[in-house]
K.L.:
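Supplied in structure tokens, the structure appears directly below.
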Amino acid sequence: DIVMTQGVLPNPVPSGESASITCRSSKSLVYKDGKTYLNWFLQRPGQSPQLLTYWMSTRASGVSDRFSGSGSGTYFTLKISRVRAEDAGVYYCQQVREYPLTFGSGTKLEIK
Amino acid sequence: EVKLLESGGGLVQPGGSLRLSCAASGFTFTDFYMSWIRQPPGKAPEWLGVIRNKANGYTTEYNPSVKGRFTISRDNTQNILYLQMNTLRAEDTAIYYCARSSGGYPFDYWGQGVMVTVSS
């Protein structure tokens, strides 16, 4: 199985500042079609996970441009610019390069 | 509007069985892959398995962690996804979600989840 390892944030992050969340995969997530199969989700307390970005850097419909995904084949970053209170929650990376699909352990973002 | 609504959760004894349902609406059900994902309280989500769409013959893939105990099926006339869970263990206690995707595309819609508790 591909193991996804997420970093820790130095919480809380002051409102208006930027935050970068990291994720590393145990195997390259680049497929033969050239796409990188890495997704980011945000889970607010008591809610289902919400898709933020897919194919490493494509924002999902309706997601603010304050969220941007980047990376290489095995190292990925989700940057959140000008954080707001509504950005608080747990962020998960997920690989969909191969089965079984796997998630990272999550990174908690708290806003000050 | 896309909606996914899980049901069938509850308390079950170890060794017991349970069948979850996920009622889908607002989209062409047969066009999409449907997955089950679970999340133990306070932990990360775990993908359980997928049933592909009509174009891909409704074939299935499972996480080895549940393969042989859990079975995913779909009723394409009623737009319902199922998860049959057998020989349940305490570690199967979690919120269970259904989610839709398509080949190469991510889980863009999730249900609200249903709680399953395995305890004597």
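Just so it is clear: chains get the letters A, B, ... in the order the sequence lines come, proteins before strands, and each one is counted from 1.
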K.L.:
Is B/Tyr33 reachable from B/Ile80 through a run of I, L, V, M, F, W or Y residues, each pair having side-chain heavy atoms under 4.5 Å apart?
P.N.:
no
K.L.:
Is there a side-chain contact between B/Phe107 and A/Leu101 (heavy atoms, below 4.5 Å)?
P.N.:
yes
K.L.:
Could you check whether any side-chain N or O of A/Ser48 sits under 3.5 Å from a backbone N or O of B/Trp110, counting only pairs where one atom can act as donor and the other as acceptor?
P.N.:
no
K.L.:
Looking only at heavy atoms, what is the nearest atom pair of A/Gln47 and B/Tyr97, with distance?
P.N.:
O-OH, 3.9 Å
K.L.:
Hey, mind stepping through A/Phe103 and B/Ile37 against side chain to side chain contact (heavy atoms under 4.5 Å, CB included) and telling me if it holds?
P.N.:
CA-CA 11 Å; A/Phe103 290 85; B/Ile37 301 125; 4.2 Å; yes
K.L.:
Looking only at heavy atoms, what is the nearest atom pair of A/Pro100 and B/Trp47, with distance?
P.N.:
CA-CZ3, 3.5 Å
K.L.:
Using the rule that Ile, Leu, Val, Met, Phe, Trp and Tyr join whenever any side-chain heavy atoms are under 4.5 Å apart, tell me whether A/Val30 and A/Leu38 fall into a single cluster.
P.N.:
no
K.L.:
Do the non-hydrogen side-chain atoms of B/Asn63 and A/Tyr99 ever get within less than 4.5 Å of each other?
P.N.:
no
K.L.:
Can you tell me how far apart OH (B/Tyr105) and CG (A/Leu51) are? Round to the nearest 0.5 Å.
P.N.:
12.5 Å
K.L.:
Pick whichever of A/Gln50, A/Lys35, A/Gln43 has the most heavy-atom pairs under 4.5 Å with chain B.
P.N.:
A/Gln43
K.L.:
I'd like to know if B/Met85 and B/Val50 are part of one continuous hydrophobic network [Ile/Leu/Val/Met/Phe/Trp/Tyr, side-chain heavy atoms within less than 4.5 Å].
P.N.:
no
K.L.:
If you group Ile, Leu, Val, Met, Phe, Trp and Tyr by side-chain heavy-atom gaps below 4.5 Å, do A/Val90 and A/Ile80 land in one group?
P.N.:
no
K.L.:
Counting only heavy atoms closer than 4.5 Å, note whether A/Phe41 contacts chain B via side chain, backbone, both or neither.
P.N.:
side chain
K.L.:
Mind checking whether A/Val96 and B/Phe32 sit in one hydrophobic cluster, side chains of I, L, V, M, F, W, Y counted as touching below 4.5 Å?
P.N.:
no
K.L.:
Please rank A/Ser105, A/Pro49, A/Ala60 by heavy-atom pairs under 4.5 Å with chain B and give me the top one.
P.N.:
A/Pro49
